[in-house]
J.: 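The following block contains the structure, expressed as structure tokens.
All ligand and atom numbering here is 1-based and tracks the order in the structure.
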Amino acid sequence: MSKISTPFEEVNARVENAAKYLDLKPGTVKALQSCEREVVISIPLRNDDDVQVLQGYRVQHSSARGPRKGGIRFHEEVNLEEVRALASLMSWKTALIDVPFGGAKGGVTVDPSKLTEIQKEEIIRRWTRSLVNVLGHHRDIPAPDMGTNSKTMAWLMDEFHRLEGFQPACVTGKPIELFGALGREEATGRGVAQIAGAALEKLDMKIKNAKVVIQGFGNVGKFAALTCAEMGMKVIAVSDLNGAKFSKTGFEISNLFNKNPSEFPGEEIDPDDLLELECDVLIPAALGGVITEINAEKLKCALLVEGANQPTSIAADKELRTKGVTIVPDILANAGGVMGSYFEWTQNIQEFSWPIDKFRRELDARMGKAFASVYKVAKKYEVDLRTAAMILAVGRVAEAMQMRGSLV
Ligand code: NAD
């Protein structure tokens with residue numbers, strides 16, 4: 001791959017790199033870099049006296065290892081190339097943590113902050129109706145992502161049920177009262193913290209009092225902060241869209257959990273400077289593309305744990321590794337979310353629900369196992385954790401495709 005200019009090309013460059021270690025043939029690599037199906041839809045949305053037409057997407061990257069799985073995002077910058085990248089990342093994530101899913105992603109190009117609740121409901125119902133033939137608990141299972149939440153998933157499920165009958169496993173991330181799973185909400189952030197702990201141990205660093213900096217205090221950032229604090233780490237800086245705070249002694253996260261960082265005690269700092277604070281663990285948990293060749297050299301962390309999807313560019317990744325920073329890649333670090341979705345899907349299919357302690361036990365054990373497998377591959381091939389994670393994931397998907405007979 002010569003020039004990389006889109007997020008999908010970036011993911012595919014990583015696939016190509018992993019394929020070299022696996023000795024895959026060029027045609028197989030091409031198949032792994034292609035999406036199985038891409039559906040683009042129009043969503044007419046009524047306003048006061050006219051109709052606005054929105055663009056919606058569902059990209060199914062792979063079903064080699066099971067039904068496709070991936071969230072649906074409402075954001076004004078959603079576009080087909082980004083959805084392809086995120087769908088492909090889901091295939092690698094589900095393979096890496098060894099759950100029986102493939103990869104998909106969906107989206108609608110719209111600013112959710114400008115929508116009423118009724119409009120959000122209308123959009124997700126229309127999205128579901130247009131895509132009903134490609135969705136289903138054994139075909140493709142959506143979940144929440146940026147701009148959507150458990151309420152959106154309840155509307156999606158309700159629309160799907162009207163068309164296809166009762167199948168609560170058709171979507172995950174649902175409200176607890178409506179076939180959701182206890183533990184799912186915290187699963188991504190909890191997994192991020194568990195993985196940070198496992199990586200610190202491998203680096204011979206102490207978990208207790210390890211200094212943690214977190215960008216973003218939404219679903220991922222909040223629960224990562226809470227679990228890090230419960231594990232004995234010191235969360236010294238946190239930010240969101242409205243500001244950032246620093247505390248040398250660490251924040252009492254359990255008391256601040258429902259507040260915004262700007263309401264935290266401590267020193268106000270520039271959110272742009274947060275990533276450059278000296279710390280043991282840096283967790284970007286907001287947007288993609290925040291660590292680039294422009295700021296990489298200024299980062300002062302020992303460990304970078306990618307809570308967000310694609311927060312680090314390829315150039316920044318290289319620069320950080322040269323500086324000796326250990327990077328735990330997104331497909332491993334934030335895979336607790338899809339692991340939790342797998343538990344919800346399993347419970348829905350079995351029509352049985354787990355208590356939260358079982359959910360947490362299973363999540364912690366399986367995330368620990370995934371980290372250990374990636375670490376082992378990194379040692380075997382003498383590569384960084386991102387390359388190791390991709391070797392493991394790409395190898396599993398390629399093997400499934402070959403066994404199914406779709407590749408020679
Ligand atoms: P969210 O919308 O709940 O929270 C995002 C947070 O980031 C908010 O606090 C927001 O204020 C903050 N933010 C936005 N722009 C910022 C900026 N420029 N500087 C500082 N903070 C900023 O989203 P989320 O569900 O927590 O997802 C965060 C990231 O994690 C996304 O990249 C998402 O794709 C990824 N992710 C989420 C899950 C999940 O289960 N929620 C799973 C895997 C990956």
J.: List the closest protein heavy-atom neighbour of atom 37 (C) of ligand 1: residue, atom name, distance to the nearest 0.1 Å.
T.: Val220 CG2, 3.4 Å

J.: If hydrogens are left out, which of Asn309, Ile214, Asn334 has an atom nearest to atom 34 (O) of ligand 1, that is, the closest non-hydrogen atom?
T.: Asn309

J.: If you measure from the Lys or Arg side-chain nitrogens to the Asp or Glu carboxylate oxygens, is any gap between Asp317 and Arg321 under 4.0 Å?
T.: yes

J.: Quick one: are the ring centres of Phe246 and Phe251 less than 6.0 Å apart?
T.: no

J.: When you measure from the side chain of Arg190 to the backbone N and O of Glu186, does any donor-acceptor pair fall under 3.5 Å?
T.: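 No; zero donor-acceptor contacts below 3.5 Å.
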
J.: With backbone taken as N, CA, C and O and side chain as the heavy atoms from C-beta onward, which portion of Thr188 lies under 4.0 Å from ligand 1: side chain, backbone, both, or neither?
T.: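 Only the side chain of Thr188 comes within reach of ligand 1.
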
J.: Say whether Pro271 and ligand 1 are in contact under the criterion: heavy-atom distance to a ligand atom below 4.0 Å.
T.: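 The answer is no, since Pro271 has no heavy atom less than 4.0 Å from ligand 1.
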
J.: Can Arg73 be said to touch ligand 1, with heavy atoms closer than 4.0 Å?
T.: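 Arg73: in contact with ligand 1 (<4.0 Å).
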
J.: Of the protein's non-hydrogen atoms, which lies at the shortest distance from atom 3 (O) of ligand 1, and what is that distance?
T.: Asn219 N, 3.0 Å

J.: Any chance you could lay out the side chain to side chain contact (heavy atoms under 4.5 Å, CB included) test for Asp158 and Leu178, step after step, and finish with the verdict?
T.: CA-CA 10 Å; Asp158 182 69; Leu178 210 58; over 6 Å; no

J.: At a 4.0 Å threshold, what atoms of ligand 1 neighbour a non-hydrogen atom of Asp240?
T.: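 Those of ligand 1 that fall under 4.0 Å from Asp240 are 9 (O), 11 (O), 20 (C), 21 (N), 22 (C).
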
J.: Evaluate Met146 for polar contact with ligand 1, using N/O atom pairs at a separation under 3.5 Å.
T.: no

J.: Please state whether Ser239 comes within less than 4.0 angstrom of ligand 1, counting heavy atoms only.
T.: yes

J.: Under 4.0 Å between a side-chain nitrogen and a carboxylate oxygen: does that hold for Lys300 and Glu276?
T.: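 Not counted as a salt bridge, because no side-chain N and carboxylate O are separated by less than 4.0 Å.
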
J.: Using a cut-off of 6.0 Å, state whether more than 12 heavy atoms not belonging to Glu263 lie near its atom CD.
T.: yes

J.: Determine whether a donor-acceptor pair (N or O, by modelled atom type, separation under 3.5 Å) exists between the side chain of Lys120 and the backbone of Thr152.
T.: no

J.: Tell me: protein heavy atom nearest atom 6 (C) of ligand 1, and distance?
T.: Gly218 N, 3.7 Å

J.: Measuring to protein heavy atoms, does anything land under 4.0 Å from atom 11 (O) of ligand 1?
T.: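 Answer yes: something from the protein, a heavy atom, is under 4.0 Å.
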
J.: Numbering the atoms of ligand 1 from 1, which are under 4.0 Å from a heavy atom of Gly307?
T.: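 Ligand 1 atoms under the 4.0 Å threshold to Gly307: 30 (O), 35 (C), 44 (C).
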
J.: Please say whether Leu241 places an N or O atom under 3.5 Å from an N or O atom belonging to ligand 1.
T.: yes

J.: Please identify which atoms of ligand 1 are closer than 4.0 Å to at least one heavy atom of Gln215.
T.: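 Within the 4.0 Å cut-off of Gln215, ligand 1 contributes 19 (N), 20 (C).
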
J.: Identify the residue among Arg37, Lys69, Gln60 that makes a side chain to side chain donor-acceptor pair (under 3.5 Å) with Asp140.
T.: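 Only one of Arg37, Lys69, Gln60 forms a side chain to side chain donor-acceptor pair (under 3.5 Å) with Asp140, namely Gln60.
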
J.: More than 12 non-hydrogen atoms from neighbouring residues, nucleotides or ligands closer than 6.0 Å to CD on Glu319, yes or no?
T.: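 Correct, the count exceeds 12.
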
J.: Between Phe217 and Phe264, is the ring centroid distance below 6.0 Å?
T.: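 Centroid distance Phe217-Phe264: below 6.0 Å, so yes.
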
J.: Determine the sole option in Glu121, Glu117, Glu122 for which the side chain to side chain donor-acceptor pair (under 3.5 Å) test with Trp155 is passed.
T.: Glu121

J.: Nearest heavy atom to atom 13 (N) of ligand 1 wins, so pick from Gly189, Ala286, Gly336.
T.: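 Ranked by closest heavy atom to atom 13 (N) of ligand 1, first place is Ala286.
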
J.: If you measure every N or O of Leu287 against every N or O of ligand 1, does any of those distances drop under 3.5 Å?
T.: no

J.: Show me which atoms of ligand 1 lie under 4.0 Å from any heavy atom of Phe217.
T.: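 Every atom of ligand 1 under 4.0 Å from some heavy atom of Phe217: 6 (C), 9 (O).
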
